[in-house]
Amino acid sequence: MISLDGFRGNPILSINPRAKRIIFRFDRAQGRTVIVIPSKQYVGKVAQHKDTFNQWVDSLILKERITFSNGLIFPFKGAPHTLMVSPLDIHLKRPKVELFNAIIRVHGHHDDIRRHMKKFLRDEALIVAKILSEKYAKALDVPLTHITIKDMSSMWGRCLRQKELCYNWRLILAPSPIFEYVAAHEVSHCIHPNHSAAFWKTVAILCPHFKENRAWLKNNSTMLMQYSL
Ligand SMILES: [Zn+2]
């Protein structure tokens, strides 16, 4: 297995003898990035292209950015939901976001959809982040001081000072087991501030199927990172 450590978005490596050099490409159908090399001899050279590749991924995410607008179908907790905008009801004092039957309905003005969706998605992410982090912290008997939701472009979570956790809001778009894995990962950092064998053992105690979830996240991170608030 070729290690592509440090390559943003976890690309897959593909050999194509017709390629004349190393090529980066985005497979839209799969939502993944691909590094194409002409032959096996090029495997050793891929690492030299890490910085260029990461810059290319950044520009790709910007270009392919998906923003929240009326009619958008997007994943919420792993299932497709449709965003619908309705005029603000005169009985509602404040704009409201409702979730019913796979429809997320924003009562408000079109100009404000992004602002309302930002609040809604971040609030939902925080609810899940708190439940999961507190559950895992209790299981490991570690104290947590702060749990926050952030807009990060290349990370899913962070553990600071071994007691403060922050999570990427886009985790609320992914299926629930993915958020569980990231929470188990970050809470385990409260004990092990590294990625040692002992760290992964702790993750496995909290989240026995973490390998599948970690693989899912690797394969889908480019797709999730396209969503922008
Ligand atoms: Zn980590």
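Whatever order the structure lists ligands and atoms in, that order sets their numbers, starting from 1. Computed from a prediction, not measured in an experiment: that's the story for all the values here. FYI, the numbering just counts along the sequence from 1.
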- Message: Would Phe210 and His185 count as a side-chain contact (heavy atoms from CB on, under 4.5 Å) here? Give the steps.
- Response: CA-CA 9 Å; Phe210 83 90; His185 183 123; over 6 Å; no
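- Listed for the Asn220 side chain is no donor-acceptor partner under 3.5 Å among the backbone atoms of Ala215.
- Considering every non-hydrogen atom in both His81 and Ile103, the closest pair reads CD2-N, 4.2 Å.
- Listed by chain and residue number, Ser196 satisfy the side chain to side chain donor-acceptor pair (under 3.5 Å) test with Asn194 (two or more places apart in sequence, or in another chain).
- Evaluation of the side chain to side chain contact (heavy atoms under 4.5 Å, CB included) rule for Ala183 yields Leu132, Tyr136, Tyr167 as partners, not counting sequence neighbours.
- Every pair passing side-chain hydrogen bond (donor to acceptor under 3.5 Å, both in side chains) that includes a residue from residues 152-162 is listed here, sequence neighbours excluded: Arg161-Glu164.
- Protein-derived N/O/S atoms nearer than 2.8 Å to the Zn ion (ligand 1) total 3, waters excluded.
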